[in-house]
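All remarks here apply to the structure that follows.
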Amino acid sequence: MPFTFQFGGPNAFGGGFNPESFQGGTPNPRSRKARKPRRAMGSAFGRTLTNLAVTLVFGLVYFYLELPALNFHAEEFYVFTFLLCAVYCICAIFTSGFQGDGSVKGYFHFVRKQCAVPFLAVLALIAALALGALSSWVVLRAGSYSKLLPIQSGDFTAEVEEISYDQIPMLDADSAAQLGTRKLGELADMVSQFEILPTYTQINYQGRPVRVTSLRYGDLIKWFTNRKGGLPAYLIIDMVSQEAEVVRLPEGMKYTIAEHFGRNLYRHLRFNFPTMMFDDPVFEINEEGTPYWVCPRIVRTIGLFGGVDVKGAVLVNAVTGESEYHEQVPNWVDRLYSYDIIMEQYDFYGMYHNGFLNSMFGQKDVTVTTEGWNYIAIDDDVYMYTGVTSVTSDQSNIGFILSNQRTKETKFYPCAGATERSAQESAQSRVQQMSYQATFPLLLNIAGQPTYFMSLKGNDGLVKMYAMVNVHQYQLVETGQTLAECESNYRQALAHAGLIAAGEQKPAAGNTREQEGIVAEIRSAVIGGDTHFYVRMEDSLGYLDFNTSEVPLAVLLNVRDHIRYTFMLEGAEFPAHGLVPATGFEYVDWDN
């Protein structure tokens, strides 16, 4: 007996085979049952109220969980509205009862009749999406995209001063995170209940470059048992001294991204500012140490969806939850514009400032940012640095940009030279026997020379040495156990290469210190053709490094000599171990 598929019959979703559906090739009339129309539920007004109530409940639950911005410039708003319309239509089908032939066309006509308002709303939204996408299309608006980031050209050596040691951040994010984790592990009352939020923010705090981050609850159970008091502390990692500090708060932080329900930062923001779009919140502290969440407000400036930019921020007190929108943020705020917004806006400029067609054909003066970035403190602001290279080559940079992360003031500095990756490889090859890894470099002005500075980390993730690489000549590399030693070696290399005069070999005078004492030990070595005398003073484990090419009288030093000496100091105190470049000395009269 033949078998066949039967669509729409009683076994249509139960395997699809009905051996009785054919009698000698003729369908059996008894196997086809007439569809019984479903009865509508109550009156038309009652059905409408039911549909609206179900849609409202769904909308409230979805809004609470997903937190879409109620803004025509936000893509999630259209998803939210489509879902509301779909829920209403589905409810209408069930409450009104479907009467039709079961075809797709029949369903379509029924939905259009019963759900006229949401149906028209969906059509309007689709039209708005199409027009919005078209008005934001970079092909048509290339000129507008290229003007998102106002850029000025500058002279690096004239405008960027030589930075003092107490302003150079020597830790990257990974090293800072390791120090923070170790510090928290020392606190028995916290380590079992809390973890460290991995999103460290680099800021200027009381004139020092630091990274700060909040704690978070260890898990849901620990949140439940500790939420009443909130998060009791935050961490500060000094980028120069490499010291980690846990700052305990008199009252715990109750509004963070680690919270749940109404105190969750994202939900707190959405309920207070339902129409605003936000970039990722960042944790900062003001000059008094009060913790805040800086929540940059995102705006779309080209069409409906293009030209992402920042317009002010909402500052949320992490302890009290007090929230206030500032179109002009206070000066203590260091990070308003994220690195990806700045880099994206520069890439639009680099690609399209000569028109869209030029970006595709010819590509005259088309540039893009390099893959990495870093931060440096200048005049109490934090600047983002990234290199700029030609779109047709990634082997060398044509310059770099420095962008103020609070104001977005951006300058391009022409400076042909090595890419950051090439500089990292050059520094690593200098210490290849130690297998150190170089961090992404900072750009410094050393003796008027654009210079890549980077830390060299061991397998344990901690900083072991420092390296400086000349941007123009990346084969010119010097390293040192300390920053001062590294800079001293680098300046000597610049002098030997004829890039600076001999008188510029000494580091900036603002970093020098003067002390006096009695010589306890003297050692010597020849490095790079120069004789170095390493002098240890009494009550010290560190050594002064006298280079005889700079301090010829160092050959006359003897143990027990009483001298007054000058040296380069990175931190506040003479280091307990290691080498410190010495710049000169004089004998002290024993009678005095």
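Treat the numbers as computed from the prediction; the structure is a model and nothing was measured.
Ring geometry for Tyr565 against Phe567 counts as tilted: the plane angle lies between 30° and 60°, on a 0 to 90° scale. The aromatic rings of Trp373 and Tyr339 sit parallel to each other, their planes meeting at less than 30°, with 60° as the upper class boundary.
A cation-pi contact, defined as under 6.0 Å to the ring centre and within 45° of the axis, links Arg297 to Tyr325.
Summarising the geometry, atom CE belonging to Met465 is positioned 6.5 Å from atom OH belonging to Tyr436; distances are rounded to the nearest 0.5 Å. Between atom NZ of residue Lys457 and atom NZ of residue Lys464 there is a gap of 11.0 Å, rounded to the nearest 0.5 Å. Here the OG atom belonging to Ser426 is positioned 9.0 Å from the CG atom belonging to Leu476, to the nearest 0.5 angstrom. Atom CG of Leu315 is separated from atom OG1 of Thr290 by 12.0 Å, given to the nearest 0.5 angstrom. To the nearest 0.5 Å, atom CG of residue Asp340 and atom CG of residue Asp280 are 8.0 Å apart. In this structure, the separation between OG1 on Thr479 and CE on Met434 is 8.0 Å, given to the nearest 0.5 Å.
Between the side chain of His326 and the main chain of Gly312, no donor-acceptor pair closer than 3.5 Å is present. Looking only at distances, no side-chain donor or acceptor of Tyr349 sits under 3.5 Å from a matching main-chain atom of Val368. With hydrogens and angles ignored, the 3.5 Å screen pairs no side-chain donor or acceptor of Asp561 with any backbone N or O of Leu557. No donor-acceptor pair closer than 3.5 Å links the side chain of Gln193 to the backbone N or O of Tyr217. Judged purely by atom type and a 3.5 angstrom limit, Tyr234 uses its side chain to pair as donor or acceptor with the backbone of Gly289. Although no hydrogens or angles enter the test, the distance criterion places no donor-acceptor pair under 3.5 Å between the side chain of Asn204 and the main chain of Gly207. In this structure, the side chain of Glu287 engages the main chain of Gln206 through a donor-acceptor pair within 3.5 Å. At distances below 3.5 Å, at least one donor-acceptor pair connects side-chain atoms of Thr439 with backbone N or O atoms of Ser455. With hydrogens and angles ignored, the 3.5 Å screen pairs a side-chain donor or acceptor of Asn374 with a backbone N or O of Phe440. Proximity of a side-chain donor or acceptor of Thr213 to a complementary backbone N or O of Arg211 within less than 3.5 Å is not detected.
Shortest non-hydrogen contact noted between Thr370 and Met343 is O-CE, 3.3 Å. In this structure, Val469 and Ala423 approach most closely via the heavy-atom pair CG2-O, 3.9 Å. When all heavy atoms of Thr389 and Ser396 are compared, the closest pair comes out as OG1-O, 2.8 Å. Across all non-hydrogen atoms, the minimal contact from Tyr587 to Ile563 is CD2-CG2, 4.0 Å. Glu162 and Ala447 get closest at one heavy-atom pair: OE2-N, 3.2 Å. When all heavy atoms of Leu265 and Cys295 are compared, the closest pair comes out as CD2-SG, 4.5 Å.
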| task | Begin from the C-alpha positions of Arg430 and Glu478 and carry the test salt bridge (charged side-chain N to carboxylate O under 4.0 Å, His left out) through to its verdict. | result | CA-CA 8 Å; Arg430 188 64 178 266; Glu478 289 296 334; 3.6 Å; yes
Report task. Applying side-chain contact (heavy atoms from CB on, under 4.5 Å), run through Ile203 and Arg335 and close with a yes or a no. Result -> CA-CA 7 Å; Ile203 64 172; Arg335 214 224 73 170; 5.7 Å; no
### Message
side-chain contact (heavy atoms from CB on, under 4.5 Å) for Gln202 and Met239? Distances and angles first, verdict last.
### Response
CA-CA 9 Å; Gln202 184 170 328; Met239 303 285 287; 3.6 Å; yes
Would Leu235 and Leu215 count as a side-chain contact (heavy atoms from CB on, under 4.5 Å) if you check the C-alpha gap in whole Å, the side-chain angles of each, and the deciding distance to 0.1 Å?
CA-CA 8 Å; Leu235 273 77; Leu215 298 180; 3.6 Å; yes
Practice item. I would like to know whether Leu553 and Phe585 meet side-chain contact (heavy atoms from CB on, under 4.5 Å); could you show each step before the answer? Key: CA-CA 9 Å; Leu553 291 180; Phe585 75 94; 4.0 Å; yes
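Close placement of the Trp293 and Phe283 rings is indicated, their centers lying within 6.0 Å of each other. Ring-centre distance between Tyr292 and Trp332: below the 6.0 Å cut-off. The six-membered or imidazole ring of Tyr534 lies away from that of Phe546, with a centre-to-centre distance of 6.0 Å or more. The aromatic ring centroids of Phe348 and Tyr346 lie 6.0 Å or more from each other.
The residue from Val316, Leu231, Val212, Leu249 that alone fulfils the side-chain contact (heavy atoms from CB on, under 4.5 Å) condition with Pro291 is Leu249. No option in Asn397, Thr386, Asp347 other than Asp347 meets the side chain to side chain donor-acceptor pair (under 3.5 Å) test with Thr369.
For Arg216, the salt bridge (Lys or Arg N to Asp or Glu O under 4.0 Å) partners are Glu195, not counting sequence neighbours.
No side-chain heavy atom of Asn547 sits under 4.5 Å from any side-chain heavy atom of Ser488. Looking at His562 and Glu516, their side chains come closer than 4.5 Å, going by heavy atoms from C-beta outward. Using a 4.5 Å heavy-atom threshold, the side chains of Asn470 and Leu499 count as touching. Proximity of Leu402 to Ile378: side-chain heavy atoms (C-beta onward) are separated by under 4.5 Å at one or more points. At least one side-chain heavy atom of Ile257 sits less than 4.5 Å from a side-chain heavy atom of Leu197. Counting heavy atoms from C-beta outward, Tyr375 and Pro169 have side chains that stay 4.5 Å or more apart. Phe156 is listed as a side-chain neighbour of Asn445, based on a closest heavy-atom distance under 4.5 Å. Side-chain contact between Ile298 and Val310 is present, with heavy atoms from C-beta onward closer than 4.5 Å.
No side-chain N or O of Tyr474 forms a donor-acceptor pair with one of Gln424 less than 3.5 Å apart. A donor-acceptor pair shorter than 3.5 Å cannot be found between the side chains of Gln405 and Asp334. Between the side chains of Thr157 and Asp155, at least one donor N or O sits under 3.5 Å from an acceptor N or O. Side-chain polar atoms of Thr419 and Ser422 form a donor-acceptor pair below 3.5 angstrom. For Glu521 and Tyr543, the side-chain atoms include at least one donor-acceptor pair closer than 3.5 Å.
Annotation: Asn459, atom CG; neighbour count of heavy atoms from other residues, nucleotides and ligands within 6.0 Å does not exceed 12. In the displayed structure, Glu371 atom CD is contacted under 6.0 Å by at most 12 heavy atoms of other residues, nucleotides or ligands.
Residue pairs meeting the side chain to side chain donor-acceptor pair (under 3.5 Å) criterion with at least one member in residues 406-418, sequence neighbours excluded: Glu159-Lys411, Glu159-Tyr413, Asp309-Lys408, Asn331-Arg406, Gln345-Lys408, Asp381-Arg406, Ser403-Thr410.
Using a 4.0 Å cut-off between charged side-chain N and carboxylate O, Glu538 and Arg560 make a salt bridge.
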